[in-house]
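Notes to accompany the following structure.
Hydrogens, waters and symmetry mates are skipped; everything else that's a heavy atom, side chains included, is used.
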Amino acid sequence: MEWKQIKQLADKYWKAETTPEEERELKKHITSSYDSTMDQREVEYFKTLSQFSSQKLTDDFDDRFFANIEKESKVRNIYQHKWFQLAASVLLVLGVVGGFEFQTYRSEQLARQQEAREAFEVAKSALFMVSEKMNKGSQYTMDGLSKFEETHQKIKIQNYNN
Amino acid sequence: MKKLTVIAIAMMWSVSSMAQDNAITKYFSKYVADTSFTKVTVTSKMFSLFTEIEGEDEAEKEVLEALSKLKGIKVLRSENPTNPKSLYMGAVGTIDKDSSYEELMSVEDGDENVKFLIRDKGSIINELLMVVGGKEEFIIMSLFGEIDLKQIAKLSKVMKMKGMNHLKVLDSDDE
């Protein structure tokens with residue numbers, strides 16, 4: 001087949017006017033003859049097409065195909081299992097209850113801290129009151145002692161003078 | 001709910017176990033029932049919660065230190081009683097009969113009478129009892145547990161430096 005004919009067939013092909021026979025012709029000859037005026041990309045395209053059409057299904061194709069499907073449905077079955085659904089719902093319930101419990105725990109903890117703070121303030125005031133009164137007592141003692149000391153000194157001086 | 005019950009039982013247990021530890025429960029329970037008295041009780045259960053508190057300043061840290069060995073505080077306070085002097089004399093008279101209490105210090109001036117008594121075992125002071133009879137108020141306060149007098153005396157100095165209004169909380173009408 002001349003390259004001119006091939007070119008014509010190709011043009012016809014792109015216009016989608018070829019018959020299946022002509023397409024087969026074109027694929028057959030474009031790979032065997034070579035012409036530099038032909039667009040290399042066009043040649044590559046038809047080469048690939050002819051390779052596709054030469055591929056054939058092997059005998060075990062069906063088996064492999066169905067085996068694949070089986071495998072996939074097995075994966076899906078896990079989700080459909082009762083125990084899986086049960087586990088999921090248990091987890092969900094645990095999550096909800098846990099979250100709720102945590103909230104309660106947090107608010108209880110805050111309340112406890114608040115309570116402790118208030119009690120602490122009371123205890124603090126009580127201690128301060130005791131402390132203050134105690135120091136007031138000590139102050140009197142100190143005053144008393146210094147007065148005693150003063151008097152003692154006076155008496156001593158008087159004795160000395162006599 | 002279960003938790004609450006456990007806490008309630010724990011508190012009741014701790015209260016009952018220390019029931020005889022202080023003079024107020026021992027001798028002044030009649031005042032506890034008196035509604036004209038302000039009663040303040042801080043239990044050991046509450047002290048255990050103080051571990052969650054961090055002292056905000058020097059004074060509070062000193063207070064936490066002083067509180068750390070205490071088992072409880074009880075305060076009875078009456079504002080404007082008809083005769084604070086007789087209440088004071090009565091209370092002091094009652095305590096004097098108990099030989100386990102020793103007088104630590106007493107101050108009697110024109111404004112108020114204050115008496116400090118301690119109950120000790122060996123070198124450890126188990127209770128510090130303060131009775132105050134002023135012109136307008138009568139207070140009995142008991143600190144029990146393990147008392148460090150020096151630590152408590154130190155508090156008012158720290159407080160004075162800070163210029164705090166320490167009586168604020170007790171002055172307000174809290175139960």
Side-chain angles (χ1 to χ4, degrees), chain A residues 86-87 89-156, chain B residues 3-4 7 40-43 45-53 55 59-60 62-64 66-67 70 72-75 77 104-109 112 114-116 128-130 132 139 141-143 147 149 151-160 164-172 174:
Chain A
L86 194 75
S89 47
V90 165
L91 271 183
L92 187 73
V93 168
L94 277 184
V96 169
V97 172
F100 183 72
E101 276 294 305
F102 182 71
Q103 279 288 331
T104 322
Y105 171 76
R106 272 302 291 166
S107 62
E108 266 174 19
Q109 196 184 30
L110 280 180
R112 221 169 44 234
Q113 272 173 358
Q114 176 74 20
E115 202 184 352
R117 200 5 104 172
E118 279 166 20
F120 175 70
E121 292 295 332
V122 172
K124 190 167 89 175
S125 326
L127 277 192
F128 277 151
M129 188 194 261
V130 171
S131 181
E132 201 193 45
K133 301 254 189 252
M134 199 180 268
N135 279 324
K136 190 178 161 190
S138 320
Q139 195 55 48
Y140 276 110
T141 323
M142 293 297 282
D143 288 351
L145 278 180
S146 53
K147 270 196 192 112
F148 171 77
E149 190 67 17
E150 271 173 42
T151 325
H152 192 62
Q153 287 293 336
K154 270 183 201 162
I155 292 167
K156 255 183 143 173
Chain B
K3 218 176 189 177
L4 259 178
I7 291 175
V40 178
T41 304
V42 185
T43 61
K45 174 72 193 165
M46 198 45 99
F47 286 131
S48 69
L49 289 183
F50 287 169
T51 49
E52 290 185 30
I53 291 176
E60 290 203 351
E62 293 284 350
V63 172
L64 279 175
L67 287 175
L70 286 189
I73 298 179
K74 271 183 184 288
V75 186
R77 183 170 195 253
L104 181 72
M105 179 198 298
S106 76
V107 182
E108 300 192 3
D109 62 14
E112 60 177 11
V114 183
K115 199 185 268 280
F116 283 99
L128 172 67
L129 188 68
M130 179 181 82
V132 181
I139 303 169
M141 190 189 296
S142 167
L143 308 179
I147 319 284
L149 284 180
Q151 180 77 28
I152 290 173
K154 205 163 109 187
L155 287 180
S156 83
K157 280 166 201 152
V158 183
M159 174 195 71
K160 266 180 196 140
M164 287 159 73
N165 185 6
H166 56 288
L167 292 179
K168 214 169 65 193
V169 178
L170 278 189
D171 277 345
S172 62
D174 47 328

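- Residues A:Met134 and B:Leu149 form a side-chain contact, since some pair of their non-hydrogen atoms from C-beta on lies under 4.5 Å apart.
- Salt-bridge check for B:Lys45 with A:Glu115: failed, with every basic side-chain N at 4.0 Å or more from each acidic carboxylate O.
- Side-chain contact between B:Glu62 and A:Lys124 is absent, with no heavy-atom pair separated by less than 4.5 Å.
- Expressed to the nearest 0.5 Å, how far NZ of B:Lys154 lies from CG of A:Leu127 amounts to 13.0 Å.
- Counting heavy-atom pairs closer than 4.5 Å to chain A, the top residue among B:Ile139, B:Ile73, B:Val42 is B:Ile73.
- Looking at every heavy atom in both residues, A:Lys133 comes nearest to B:Val114 through CD-CG2, 3.8 Å.
- Considering every non-hydrogen atom in both A:Phe120 and B:Leu64, the closest pair reads CE1-CD2, 3.5 Å.
- For B:Glu112, the part lying under 4.5 angstrom from a heavy atom of chain A is the side chain only.
- Minimum interatomic distance between B:Met46 and A:Ala119 (heavy atoms only, all atoms of both residues): CG-CB, 3.2 Å.
- Scanning all heavy atoms of the two residues, the minimum distance from B:Val63 to A:Phe128 falls at CG2-CZ, 3.8 Å.
- The heavy-atom pair separating A:Ala123 from B:Phe50 by the smallest distance is CB-CE1, 4.2 Å.
- Considering every non-hydrogen atom in both A:Val130 and B:Met141, the closest pair reads CG2-SD, 3.2 Å.
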